[in-house]
Amino acid sequence: MSRIGAAELRDAVLDSGSFRSWDTAPLAVPADAEYAGELQRARAVTGSDEAVLTGEGTVFGRRVAVVACEFDFLAGSIGVAAAERITAAVERATAQRLPLLASPSSGGTRMQEGTVAFLQMVKIAAAVTRHKQAHLPYLVYLRHPTTGGVFASWGSLGHITVAQPGALIGFLGPRVYEQLYGEPFPAGVQTAENLLRHGVIDGVVGLEALRPMLHRALTVIADPPGPPPAALAVEEIAHVPAWDSVVASRRADRPGVSWLLREGATERVLLSGTHGEASTTALALARFGGQPAVVAGQQRVIGGLDLFPGRFAPALRTGPAALQEARRGMALAASLQLPLVLVIDTAGPALSADAEQNGLAGEIARCLSELVTLDTPTVSVLLGQGSGGPALAMVPADRVLAAQHGWLAPLPPEGASAIVFRDTDHAPELAAAQGIRSVDLLANGIVDAIVPEHPDAADEPVEFARRLSAAIALELHHLRRQPPADRYAARLERYRRIGLPA
């Protein structure tokens with residue numbers, strides 16, 4: 001596996017000639033003769049004075065701070081001098097309000113300096129956390145190899161974390177494991193691709209693709225919103241029977257969040273790398289009509305309709321891990337002070353022992369609690385099925401849109417029929433009686449606007465995705481113009497008043 005040097009990384013990412021070093025002479029640290037000789041040889045071989053370079057440059061004209069390890073300098077290990085350089089750079093980026101790209105390539109703590117070096121990870125992590133608390137982007141590119149305390153501190157704190165293809169990434173160095181246990185570490189575990197499959201990182205990105213990916217991400221995160229979107233044409237919504245909407249929402253070819261991202265959004269950066277039941281939630285950065293947002297969307301339909309084939313596994317019901325992924329979207333939106341768009345499309349909660357034991361009810365509760373009190377603009381979209389707790393968990397936003405055939409209910413109509421009539425034959429009757437369809441939700445103040453389907457989104461997926469995107473863009477624009485305190489108070493009052501007499 002080839003390694004990418006710090007200078008190579010810097011030159012590949014930044015605009016040509018834009019880099020300005022922030023490095024000063026390394027802090028002098030106590031060193032016996034052997035360690036002093038190692039430092040001298042490392043400086044001679046690499047031409048670097050420490051295991052990390054820092055500075056600033058531009059990415060497509062946008063100022064960005066950079067911290068990058070040089071593995072050829074004592075395996076990119078972090079001692080007192082390197083940690084002081086990193087911390088100073090992070091604090092300078094925070095003071096100057098710059099996005100920060102960190103690119104570790106390190107074996108971890110510098111063993112020659114012992115426990116003192118080990119504790120340096122604390123101050124680096126603290127500086128990174130303060131940078132994020134200032135609502136500034138912290139983006140991480142893990143290069144081969146990254147292990148130990150570096151991966152377990154500032155290498156794992158990114159708003160977005162991607163890695164070099166084939167890179168060795170892991171907490172426990174494989175050489176240490178083999179020496180301790182007398183056998184090799186299991187093959188294939190500590191690879192960028194495996195960590196992506198397990199949701200530890202957001203992507204595997206070649207060096208040639210890193211610069212455009214950063215540009216897309218920063219366009220969403222750091223650039224101002226676009227001009228006001230055009231007003232939408234007013235259309236009369238036909239009153240179709242509730243059961244017809246339920247049937248339409250379950251069509252296998254109905255466009256889901258993937259269609260919305262692919263056809264209705266720009267500057268997409270997919271963040272979720274999870275598989276299994278967690279994959280029923282897609283997470284992304286995107287712009288809708290020039291309006292930036294974090295997107296957390298329930299992914300109902302898989303197969304040939306997904307945005308990134310192979311990234312999401314088939315699953316129909318929502319479990320705890322999927323809701324944890326939605327909560328990550330909420331936290332990301334809050335940290336970056338971006339609006340949050342939530343897309344609801346779920347057949348209901350996972351009904352299993354695993355879901356119970358892994359805290360499904362608690363995850364629903366935490367989603368509700370965090371979403372209704374989130375300090376950034378929020379838009380929920382009832383795209384299709386809205387069944388049970390996982391749908392409720394993503395409803396309480398500042399504004400709620402519904403596709404014409406979207407619906408919301410405590411249980412699927414068949415479940416309600418089983419409770420009331422002890423059969424499922426009365427599902428259409430219960431669907432009508434419970435007021436689950438979009439026009440009823442609008443009348444009850446649960447939904448603010450309906451996005452029409454002509455006559456069914458599955459028959460016009462591209463056109464519908466673009467129509468829905470335009471509606472989202474308009475809502476995001478209006479919410480951004482409201483004073484945050486007024487917006488927050490209105491959201492709380494809205495959900496306090498639902499169901500009460502006017």
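Only a predicted model underlies this, so the values are computations on that prediction, with no experimental measurement involved. Positions are given from 1, in the same order as the sequence printed here.
Partners of Phe60 by ring pair (Phe, Tyr, Trp, His ring centres under 6.0 Å), not counting sequence neighbours, listed by chain and number: His215. For Arg10, there are no salt bridge (Lys or Arg N to Asp or Glu O under 4.0 Å) partners at least two apart in sequence or on another chain. Not counting sequence neighbours, Arg480 has no partner by the salt bridge (Lys or Arg N to Asp or Glu O under 4.0 Å) test. When the salt bridge (Lys or Arg N to Asp or Glu O under 4.0 Å) test is applied to Glu263, the partners found at least two apart in sequence or on another chain are Arg466. With sequence neighbours excluded, the residues satisfying side-chain hydrogen bond (donor to acceptor under 3.5 Å, both in side chains) with Glu91 are Arg130. Every residue meeting the salt bridge (Lys or Arg N to Asp or Glu O under 4.0 Å) condition with Glu370, not counting sequence neighbours, appears here in chain and number order: Arg327.
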Before giving the answer on side-chain hydrogen bond (donor to acceptor under 3.5 Å, both in side chains), spell out for Ser103 and Arg143 the whole-Å C-alpha distance, their side-chain angles and the decisive distance to 0.1 Å.
CA-CA 7 Å; Ser103 185; Arg143 287 150 44 229; 3.1 Å; yes
Could you go through the side-chain hydrogen bond (donor to acceptor under 3.5 Å, both in side chains) check for Thr161 and Asp202 one step at a time?
CA-CA 5 Å; Thr161 303; Asp202 292 310; 4.9 Å; no
Could you go step by step and tell me if Arg366 and Gln324 meet the side-chain hydrogen bond (donor to acceptor under 3.5 Å, both in side chains) rule?
CA-CA 9 Å; Arg366 283 183 281 275; Gln324 290 167 4; over 6 Å; no
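To the nearest 0.5 Å, atoms CD1 (Ile169) and CD (Glu193) are separated by 9.5 Å. Expressed to the nearest 0.5 Å, how far CD of Gln337 lies from CG of Leu136 amounts to 11.0 Å. Separation of atoms CZ (Phe73) and CG (Asp49) is listed at 7.0 Å; rounding is to 0.5 Å.
Closest approach of Pro184 to Tyr177, counting heavy atoms only: O-CE2, 3.7 Å. Listed here is the closest heavy atom pair of Ala134 and Thr94: CB-CG2, 4.1 Å.
Within the structure, no pair that satisfies the ring pair (Phe, Tyr, Trp, His ring centres under 6.0 Å) test touches residues 115-169, not counting sequence neighbours. Counting only residues at least two apart or in different chains, salt bridge (charged side-chain N to carboxylate O under 4.0 Å, His left out) contacts with residues 204-216 comprise Asp15-Arg211. Annotation: ring pair (Phe, Tyr, Trp, His ring centres under 6.0 Å) contacts involving residues 344-401, sequence neighbours excluded, are absent. Among pairs with a residue in residues 150-163, none fulfils salt bridge (charged side-chain N to carboxylate O under 4.0 Å, His left out), at least two apart in sequence or across chains. The side-chain hydrogen bond (donor to acceptor under 3.5 Å, both in side chains) pairs that include a residue from residues 104-122 are Tyr35-Arg110, Tyr35-Glu113, Glu38-Gln112, Glu50-Arg110, Ser77-Arg110, Gln120-Lys123, where partners are two or more places apart or lie in different chains.
With respect to the salt-bridge test (charged N to carboxylate O, under 4.0 angstrom), the residues Asp223 and Arg62 qualify.
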Could you pull out all donor-acceptor pairs under 3.5 Å where a side-chain atom in residues 381-393 meets a protein atom, sequence neighbours excluded?
from: Gln385; atom 1: OE1; to: Arg250; atom 2: NE; distance (Å): 3.2
from: Ser387; atom 1: OG; to: Ala347; atom 2: O; distance (Å): 3.4

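Heavy atoms of other residues, nucleotides or ligands lying less than 6.0 angstrom from CD of Gln40 number 12 at most. By the neighbour-count criterion of 12 heavy atoms within 6.0 Å, atom CZ of Phe171 is sparsely surrounded, having that number or fewer from other residues, nucleotides or ligands.
For the pair Val269/Val220, no side-chain contact is recorded, criterion being any heavy-atom separation below 4.5 Å from C-beta on. Leu283 places none of its side-chain heavy atoms less than 4.5 Å from the side chain of Val295. In this structure the side chain of Val67 never reaches within 4.5 angstrom of the side chain of Leu101, judged on heavy atoms. Between Leu214 and Val64, the closest side-chain pair of non-hydrogen atoms is not below 4.5 Å.
Formation of a donor-acceptor pair under 3.5 Å by the Thr378 side chain with backbone atoms of Ala397 is not found in this model.
The closest side-chain donor-acceptor pair between Asp23 and Thr54 falls under 3.5 angstrom.
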